[in-house]
Trainee: 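Quick one: structure below, then a few questions.
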Amino acid sequence: MKVLSDLWASLLGAIGNVGAQFRFLLLLLWRTPQGLLRFSLISDQIYNTGALSLVIIMMSGLFVGMVLGLQGFTLLQKFGSETYLGTAAALSLLKELSPVITALLFAGRAGTALTSEIGLMRATDQLSAMQMMAVDPVRRVVLPRFLGGVVSMPILSMVFSMIGLFGAYLVGVRLMEVDVGSFWSQMRASVDLKNIMEGITKSAVFGIACSLIAVYEGYHSAPTAEGVGRATTRTVVNSAVVTLFLDYLLTAIFL
C-alpha cells in the first residue's frame, strides 16, 4: 500500500507539474509581443543557444549521416536497391533523426545552460532584485531565452539534415561507389514538401517544449546549489522524455 500511495502521489505531482508548465507557457506567450520590442536580447540568446551549439550539431550530424549511409547501403544491397540510398537517408534524416537528435543535443547543451543560468540568478537573488526595481524578470530574463531556443531549434535541425546528407553521400558515393546521379535523382524524386514540413514542424514543437522546460525549471528552482543541480538534471530528463513522446504523437498525426 505504501508503494501504491507513493506512485499515486508521484502521478499527481507530475500532472500538477504539467499544468504549471502550461500556465507558464501561456504567460510567456502573453508577454511575447512586449518581448519582441527588445529584439537585441532575443538575438543574443539565439547566438547563445544556436550558434554556440553548431559544432556539436554538425559533428553529430556528420557521423549520424555516415552511419546511416553505411547501414542503409548494407541493407539495400541485399535487395539490389543501392540506388535508393539517397532516398532512405533523406527521409530518415528529415522526418525523424534530425528533429529528435537535435532536440536531445539541444537539451543537453543549451537547455542545461539556460536552466543553470536562470537558476543561479534565482539563487543569488538577482531575480528578486529585479522585482524590487520594478523590472519584470519574466520579460527581461526568461522570455528572451525561451524565444531564442524556439528560433534556434528549427535552424539547428536543418543544419543537422544537410550535414547528415553530406555524410551519407561521402559513405554511399565516395566509399561504397553508389552512382552519384542515382543517389541525388532518387532523393529529389522521393522527397516532397510534405516530408520537409513534417521535419520543420517537429523541430519547432520540440523547440517550444525543450525551451519551456529549461526556463521553467530554472525559474522555479530552489535557491541553492543543490536545487540548481537538480533542476538541471530534470531539464535533461524531462526534455528527452517529452521529445520522444511528442515525436510519437506527431508521427501518428502525419501518418
Side-chain angles (χ1 to χ4, degrees), residues 10-46 48-50 99 102-103 106-107 110-122 126-157 197 200-223 227-228 230-250 252-253:
S10 299
L11 178 61
L12 293 180
I15 295 175
N17 190 43
V18 172
Q21 291 188 15
F22 183 73
R23 292 197 303 269
F24 196 69
L25 174 62
L26 295 179
L27 175 62
L28 293 175
L29 295 178
W30 177 259
R31 302 289 177 85
T32 296
Q34 299 174 348
L36 292 176
L37 298 178
R38 304 188 66 177
F39 187 75
S40 60
L41 297 176
I42 302 176
S43 62
D44 291 340
Q45 296 306 318
I46 293 175
N48 291 332
T49 58
T102 301
F106 179 90
T112 54
L114 294 177
T115 301
S116 59
E117 185 178 4
I118 300 176
L120 183 60
M121 297 178 70
R122 169 70 68 185
Q126 296 182 45
L127 299 181
S128 300
M130 289 183 183
Q131 293 175 336
M132 293 179 63
M133 293 184 296
V135 176
D136 186 5
V138 174
R139 187 175 63 181
R140 180 65 175 79
V141 176
V142 178
L143 183 60
R145 287 162 173 79
F146 171 74
L147 295 179
V150 172
V151 174
S152 299
M153 182 72 78
I155 300 175
L156 293 175
S157 180
M197 291 304 301
I200 294 176
T201 302
K202 286 185 176 181
S203 61
V205 173
F206 297 161
I208 296 174
C210 293
S211 300
L212 174 64
I213 293 173
V215 297
Y216 175 85
E217 294 293 347
Y219 189 76
H220 293 89
S221 63
V228 175
R230 290 185 176 182
T232 304
T233 303
R234 287 195 301 269
T235 295
V236 178
V237 174
N238 293 343
S239 296
V241 173
V242 170
T243 295
L244 297 176
F245 175 71
L246 291 177
D247 179 54
Y248 170 76
L249 290 182
L250 292 174
I253 291 174

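What you are looking at is a predicted structure, and each value in this text was computed from that prediction instead of being measured.
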Trainee: Going by side chain to side chain contact (heavy atoms under 4.5 Å, CB included), name the residues that satisfy it together with Thr112, two or more places apart in sequence or in a different chain.
Mentor: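 Side chain to side chain contact (heavy atoms under 4.5 Å, CB included) check on Thr112 returns Thr232, Val236.
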Trainee: If you round to the nearest 0.5 Å, how far is CE of Met153 from OG of Ser211?
Mentor: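 Ser211 atom OG to Met153 atom CE measures 6.0 Å (nearest 0.5 Å).
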Trainee: Holding to salt bridge (Lys or Arg N to Asp or Glu O under 4.0 Å), I want the full list of residues that pass it with Arg234, two or more places apart in sequence or in another chain.
Mentor: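 Arg234 satisfies salt bridge (Lys or Arg N to Asp or Glu O under 4.0 Å) with Glu217 once adjacent residues are dropped.
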Trainee: Please round to the nearest 0.5 Å and tell me the distance separating atom CD1 of Ile155 and atom OG of Ser157.
Mentor: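 Ile155 CD1 to Ser157 OG: 10.5 Å, rounded to 0.5 Å.
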Trainee: When you compare the side chain of Val215 with that of Leu28, does any pair of heavy atoms fall below 4.5 Å?
Mentor: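 With C-beta onward as the side chain, the pair touches.
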Trainee: So, using side chain to side chain contact (heavy atoms under 4.5 Å, CB included) as the criterion, who are the partners of Pro154 when residues are at least two apart?
Mentor: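 Ser203, Ala204.
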Trainee: Sequence neighbours excluded and cut-off under 3.5 Å, please list the side-chain donor-acceptor pairs for residues 240-250, or say none.
Mentor:
from   : atom 1 : to     : atom 2 : distance (Å)
Thr243 : OG1    : Ser239 : O      : 2.7
Asp247 : OD1    : Lys202 : NZ     : 3.1

Trainee: Applying ring-ring contact (aromatic ring centres under 6.0 Å, His included), name anything that partners Phe24, two or more places apart in sequence or on another chain.
Mentor: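 By the ring-ring contact (aromatic ring centres under 6.0 Å, His included) rule, Phe24 matches Tyr216, Tyr219, His220.
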Trainee: Side chains of Trp30 and Leu26, heavy atoms from C-beta outward: is any pair under 4.5 Å?
Mentor: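 Side chain of Trp30 against side chain of Leu26, heavy atoms only: no contact under 4.5 Å found.
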Trainee: Tell me every residue that passes salt bridge (Lys or Arg N to Asp or Glu O under 4.0 Å) with Arg140, counting only those two or more places apart in sequence or in another chain.
Mentor: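 With neighbours one apart ignored, the set is empty.
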Trainee: Please report the shortest heavy-atom distance between Leu127 and Pro137, naming the atom on each side.
Mentor: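 For Leu127 versus Pro137, the nearest heavy atoms are CD2-CB, 3.9 Å.
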Trainee: Can you sort out the partners of Thr49 under side chain to side chain contact (heavy atoms under 4.5 Å, CB included), two or more places apart, ordered by chain and number?
Mentor: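 Phe106, Ala110, Leu114, Ser152.
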Trainee: Walk me through it: do Phe22 and Leu212 pass the test side chain to side chain contact (heavy atoms under 4.5 Å, CB included)?
Mentor: CA-CA 9 Å; Phe22 183 73; Leu212 174 64; over 6 Å; no
Trainee: Write down the atom of Ile118, the atom of Val141, and the distance for their closest heavy-atom approach.
Mentor: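 Looks like CG1-CG1, 4.3 Å.
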Trainee: Please identify each residue that fulfils side chain to side chain donor-acceptor pair (under 3.5 Å) with Arg230, with sequence neighbours left out.
Mentor: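 Scan of Arg230 (side chain to side chain donor-acceptor pair (under 3.5 Å), adjacent residues dropped) gives Glu226.
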Trainee: Which heavy atom in Gly111 sits nearest to a heavy atom in Ala214, and how many Å separate them?
Mentor: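 Minimum heavy-atom separation between Gly111 and Ala214: O-CB, 3.5 Å.
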Trainee: Can you list the residues that meet the salt bridge (Lys or Arg N to Asp or Glu O under 4.0 Å) rule with Arg145, with sequence neighbours excluded?
Mentor: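 Once residues adjacent in sequence are excluded, the partners of Arg145 under the salt bridge (Lys or Arg N to Asp or Glu O under 4.0 Å) criterion are Glu117.
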Trainee: At their closest point, which heavy atom of Arg122 faces which heavy atom of Gly218, and how far apart are they?
Mentor: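 Looking at all heavy atoms of both residues, the closest pair is CB-O, 4.4 Å.
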Trainee: List the residues meeting ring-ring contact (aromatic ring centres under 6.0 Å, His included) with Phe206, not counting sequence neighbours, and say none if there are none.
Mentor: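 With neighbours one apart ignored, the set is empty.
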Trainee: Can you name the side chain to side chain contact (heavy atoms under 4.5 Å, CB included) partners of Leu120, sequence neighbours left out?
Mentor: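 Expected list: Thr124.
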Trainee: Measuring from Gln45:CD to Ser40:OG, what's the distance to the nearest 0.5 Å?
Mentor: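 Answer for the CD-OG pair, Gln45 versus Ser40, is 10.5 Å.
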Trainee: Residues two or more places apart in sequence or in another chain: which of them pass side chain to side chain donor-acceptor pair (under 3.5 Å) with Thr115?
Mentor: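 Thr115 satisfies side chain to side chain donor-acceptor pair (under 3.5 Å) with Thr235 once adjacent residues are dropped.
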Trainee: How long is the straight-line distance from CD1 of Ile208 back to CD1 of Ile213, given to the nearest 0.5 Å?
Mentor: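 So the gap between those two atoms works out to 12.0 Å.
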Trainee: Are the side chains of Leu147 and Leu36 in contact, using a 4.5 Å heavy-atom criterion?
Mentor: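 Result yes, sub-4.5 Å side-chain heavy-atom pair found.
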